[in-house]
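These notes are about the structure you will find just below.
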Amino acid sequence: LTYTGTGDMFTAVNPSLTIKDIEINAVSGTVFNTTGSTSGTVRLTNLNIPTVKNLGIIDSLRAFSVMNITTSALTGDGFVYLGTDISLNIDSMVFSNVSAGVDLFKFGTATFKKVNIGNVTVSDSAAGSVFLSGATSSSNIVVGSVANITNVTIDGDMTSLVNIATTDNR
């Protein structure tokens with residue numbers, strides 16, 4: 001499936017959305033833009049996204065789950081998160097050829113009640129790209145919650161964390 005526009009390929013409000021077992025190209029666009037009122041869920045499974053500008057915007061969803069996604073040319077941003085009380089589960093992603101200026105996981109000021117990011121491989125990343133960026137002092141995590149980031153391999157000049165520290169504690 002190929003999108004030739006510059007905007008959003010898929011949009012959804014309060015979605016119950018599953019995208020699986022497909023190849024998607026969005027050379028100049030954003031694959032999806034989802035907005036919820038802490039009630040929507042999005043599941044992405046077994047996707048090949050060879051060429052993409054931006055993976056997607058996740059705004060106030062109840063749950064966002066990714067399993068087995070591969071990208072081979074990312075030039076804009078990965079996943080940009082907005083809103084509150086998001087449950088995030090990322091398992092088995094492969095990124096290659098990540099351009100400068102790309103943030104793979106951009107938490108901004110969004111808050112999460114659960115974060116699990118695991119089994120992520122990044123190869124051929126440019127200087128100026130970032131794996132995970134967010135707010136300082138654990139502000140992205142709801143009090144009493146835990147974020148787990150495990151089994152991440154970064155090859156290239158990508159910065160692993162911006163504004164987030166391995167010693168952050170909520």
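In plain terms, the two heavy atoms of S72 and N97 that are nearest each other are O-CB, 3.1 Å. Smallest separation of non-hydrogen atoms from G36 and S60: O-CB, 3.1 Å. In terms of heavy atoms, V42 sits closest to P15 at CG2-CG, 3.8 Å. The heavy-atom pair separating A126 from A100 by the smallest distance is CB-N, 3.5 Å. Scanning all heavy atoms of the two residues, the minimum distance from Y81 to A110 falls at O-CB, 3.6 Å. Residues S160 and F131 come closest through the heavy atom pair O-CB, 3.3 Å.
Applying side chain to side chain contact (heavy atoms under 4.5 Å, CB included) to F107 and the options N163, N140, V162 leaves one that passes, N140. Checked against I69 for a side chain to side chain contact (heavy atoms under 4.5 Å, CB included), the options L44, L55, T45 give a single hit: L44.
Between the side chain of S92 and the backbone N or O of M67 there is no donor-acceptor pair closer than 3.5 Å. Side-chain N or O atoms of S65 include none that pairs as donor or acceptor with a backbone N or O of I90 at under 3.5 Å. Looking at T111, its side chain does come within 3.5 Å of a backbone N or O of D85 through a donor-acceptor pair. Side-chain atoms of S87 do not come within 3.5 Å of backbone N or O of A63 as any donor-acceptor pair.
Residues V130 and V102 fall into different hydrophobic clusters, defined by Ile, Leu, Val, Met, Phe, Trp and Tyr side chains chained together at heavy-atom separations under 4.5 Å. Side-chain heavy atoms closer than 4.5 Å link hydrophobic residues (I, L, V, M, F, W, Y) into clusters, and following such links, possibly through other members, connects I164 to L88. Under the 4.5 Å side-chain heavy-atom criterion for ILVMFWY residues, a single connected hydrophobic cluster contains both I24 and L74. Hydrophobic cluster membership is shared by V152 and L104, with clusters built from Ile, Leu, Val, Met, Phe, Trp and Tyr side chains linked at under 4.5 angstrom. Note on V80: it does not cluster hydrophobically with F105, by side-chain heavy-atom contacts below 4.5 Å among ILVMFWY residues.
Side-chain contact between I149 and V120 is absent, with no heavy atoms from C-beta onward closer than 4.5 Å. The shortest side-chain heavy-atom distance between L61 and T41 does not fall under the 4.5 Å cut-off. Counting heavy atoms from C-beta on, the side chains of F32 and I58 come closer than 4.5 Å.
Among residues at least two apart or in separate chains, side chain to side chain donor-acceptor pair (under 3.5 Å) pairs with a member in residues 21-33 are D8-N33, D21-N46, E23-N48, T30-N54.
Atom CZ of residue R43 and atom CD1 of residue I19 lie 12.0 Å apart, to the nearest 0.5 angstrom. The CG atom of L1 sits 5.0 Å away from the CD1 atom of I22 when rounded to the nearest 0.5 Å. Put simply, CG on N116 and CG on D91 are 9.0 Å apart, with the number rounded to the nearest 0.5 Å. Summarising the geometry, atom OG1 belonging to T159 is positioned 11.5 Å from atom CG belonging to L132; distances are rounded to the nearest 0.5 Å. Taken from CE in M9 to OG1 in T4, the straight-line distance is 9.5 Å, to the nearest 0.5 Å. Of the inter-residue distances, the one linking S123 atom OG with M158 atom CE reads 9.5 Å to the nearest 0.5 angstrom.
By the 30° and 60° cut-offs, the orientation of the rings of F64 relative to F79 is perpendicular.
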